[in-house]
Amino acid sequence: MSSRIAFLKGHGTENDFVIVPDPDNVIDLPAAAVAALCDRRAGIGGDGLLHVVRSAAHPEARAMAAEAEWFMDYRNGDGSTVEMCGNGVRVFARYLQHAGLVTEGDLAVATRGGVKTVHIAKATADGGPAAGGITVGMGRAVLPDGDVTVTVGERTWPARNVNMGNPHAVAFVEDLAHAGDLYTRPPFHPASAYPHGVNVEFVADRGPGHVAMRVHERGVGETRSCGTGACAVAVAAARRDGADPAVTGTPATYTVDVLGGRLLITERPDGEIEMTGPAVIVAEGEIDSDWLESAAR
């Protein structure tokens, strides 16, 4: 008789994830297994997978165990590992709350992009646990030098190179439809700017301090939302608008509309970027381990 592996499904602004709790890091999740679980027709379906492990039990996170009990071993939908996922951190924190492992308030989450600070807001009286937004300290943006362009069809735009622990190319466009279908990665130049691939954001203005975006996430394709991408977009928009909190001493806040909802991004004068948005657990179930083993071959 096959054994069963517990899983949950959650999303943050419709960026959705398969969640696999594994505190002691005993479940083998090779890339093929992750891709099978994230398959929307033959698996559970998700933009990525959140492997929930105690930091002390994971070789990539042991050095962070004193700061953060839990490690977000994040995988893209194709099974590849990446540094960070902003929406994923919120859903990860919501799972910990759902499982009774943390409560409202502050906690730290270890990621491949470092330890992230998280605040789970108190739920409103009439909204249930999902109504309390989650704020994530996303770290500081790095703005590498050099010109970058991205292309869709016959259109080419200059792009701002922003690194949020993972790489982004942010292009401002008149119409989000100009981004095309985003099934395949938009070509970028020069290739040396992103040797390991890049997330590409297309951004249109909606009003003062308010933009909308579409994104191609490396290893996934177009997604309904990208947390690190929204942060990169807010930083790029601020610089385009002549705002640098480190210079002015005034925080810069942008509302960023994504296909799956809305995120609020604030860059503080110390460079720290905070992202606030929803996170929801929608289902729980069990994975047949025999199927998973077969799918991973």
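Since this is a predicted model, take the numbers as computed values, not measurements. As a basis for the values below, the full set of heavy atoms in this structure was taken, side chains included, without hydrogen atoms, waters or symmetry mates.
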Gap between atom [atom2] of [Y] and atom [atom1] of [X] - 0.5 Å precision:
X: Glu272; Y: Thr117; atom1: CD; atom2: OG1; answer: 5.5 Å
X: Met84; Y: Asn166; atom1: CE; atom2: CG; answer: 7.0 Å
X: Ser55; Y: Glu69; atom1: OG; atom2: CD; answer: 8.0 Å
X: Cys231; Y: Ile273; atom1: SG; atom2: CD1; answer: 5.5 Å
X: Arg224; Y: Glu14; atom1: CZ; atom2: CD; answer: 4.5 Å
X: Phe17; Y: Cys85; atom1: CZ; atom2: SG; answer: 3.5 Å

Work out which heavy atom in [X] is nearest to a heavy atom in [Y]; give both atom names and the distance.
X: Leu259; Y: Glu222; answer: CD1-OE2, 3.4 Å
X: Cys226; Y: Glu217; answer: CB-OE2, 3.7 Å
X: Lys9; Y: Ile19; answer: C-CD1, 4.3 Å
X: Ala171; Y: Val150; answer: CB-CG2, 3.7 Å
X: Met164; Y: Met138; answer: CE-O, 3.6 Å
X: Leu29; Y: Arg75; answer: O-NH1, 2.7 Å

Within 45° cone and under 6.0 Å: Arg240 NZ/CZ vs Phe172 ring: yes
Test log, rule salt bridge (Lys or Arg N to Asp or Glu O under 4.0 Å), inputs Glu201 and Arg214: CA-CA 6 Å; Glu201 287 81 24; Arg214 290 177 61 198; over 6 Å; no
Counting only heavy atoms from other residues, nucleotides and ligands, does the tally under 6.0 Å from [atom1] of [X] exceed 12?
X: Glu293; atom1: CD; answer: no
X: His210; atom1: NE2; answer: yes
X: Glu174; atom1: CD; answer: no
X: Asp241; atom1: CG; answer: yes

Is [X] reaching over with its side chain to a backbone N or O of [Y], donor-acceptor style, under 3.5 angstrom?
X: Asp39; Y: Arg41; result: yes
X: Asn25; Y: Ala57; result: yes
X: His58; Y: Glu60; result: yes
X: Asn199; Y: Pro167; result: yes
X: Asp288; Y: Trp291; result: yes

Side chain to side chain contact (heavy atoms under 4.5 Å, CB included), paired with Met213, selected from Val256, Leu263, Leu176: Val256
Under 3.5 Å, is there a donor-acceptor pair between the [X] and [Y] side chains?
X: Thr149; Y: Thr156; value: no
X: Ser225; Y: Asn87; value: yes
X: Asp78; Y: Ser80; value: yes
X: Asp16; Y: His11; value: no

Distance flag, aromatic centroids of Phe92 and Trp70, threshold under 6.0 Å: no
Verdict with supporting geometry, Arg239 and Arg160, side-chain contact (heavy atoms from CB on, under 4.5 Å): CA-CA 10 Å; Arg239 299 303 182 274; Arg160 190 70 190 243; 3.6 Å; yes
Any side-chain heavy atom of [X] sitting closer than 4.5 Å to one from [Y]?
X: Asp106; Y: Val118; result: no
X: Leu50; Y: Val20; result: no
X: Val247; Y: Pro245; result: no
X: Leu107; Y: His119; result: no
X: Pro21; Y: Leu8; result: yes
X: Tyr95; Y: Ile281; result: yes
X: Val34; Y: Leu49; result: yes
X: Leu264; Y: Thr253; result: yes

Derivation of the salt bridge (Lys or Arg N to Asp or Glu O under 4.0 Å) call for Arg206 and Asp257: CA-CA 9 Å; Arg206 293 290 183 260; Asp257 291 344; 5.3 Å; no
With hydrophobic residues grouped by side-chain heavy-atom distances under 4.5 Å, do [X] and [Y] end up in a single group?
X: Leu182; Y: Val220; result: no
X: Tyr194; Y: Val235; result: no
X: Val233; Y: Met275; result: yes
X: Val162; Y: Val148; result: no
X: Leu96; Y: Phe71; result: no

Electrostatic pair Arg268:Asp270 at N-O distance under 4.0 angstrom: yes
Note: Glu83-Arg218 ion pair, threshold 4.0 Å (strictly below): yes
Worked verdict on Arg40 versus Asp47 for salt bridge (Lys or Arg N to Asp or Glu O under 4.0 Å): CA-CA 9 Å; Arg40 296 192 181 278; Asp47 293 323; 3.0 Å; yes
Stepwise side-chain contact (heavy atoms from CB on, under 4.5 Å) check, Phe7 with Ile44: CA-CA 10 Å; Phe7 81 92; Ile44 297 167; 3.7 Å; yes
side-chain contact (heavy atoms from CB on, under 4.5 Å) evaluation trace for Met72 with Val52: CA-CA 6 Å; Met72 184 182 77; Val52 183; over 6 Å; no
Residues Ile5, Ile27; criterion side-chain contact (heavy atoms from CB on, under 4.5 Å); working and verdict: CA-CA 9 Å; Ile5 299 169; Ile27 300 173; 3.7 Å; yes
Mutual orientation of the aromatic rings belonging to His178 and Trp157 [parallel < 30°, tilted 30-60°, perpendicular > 60°]: parallel
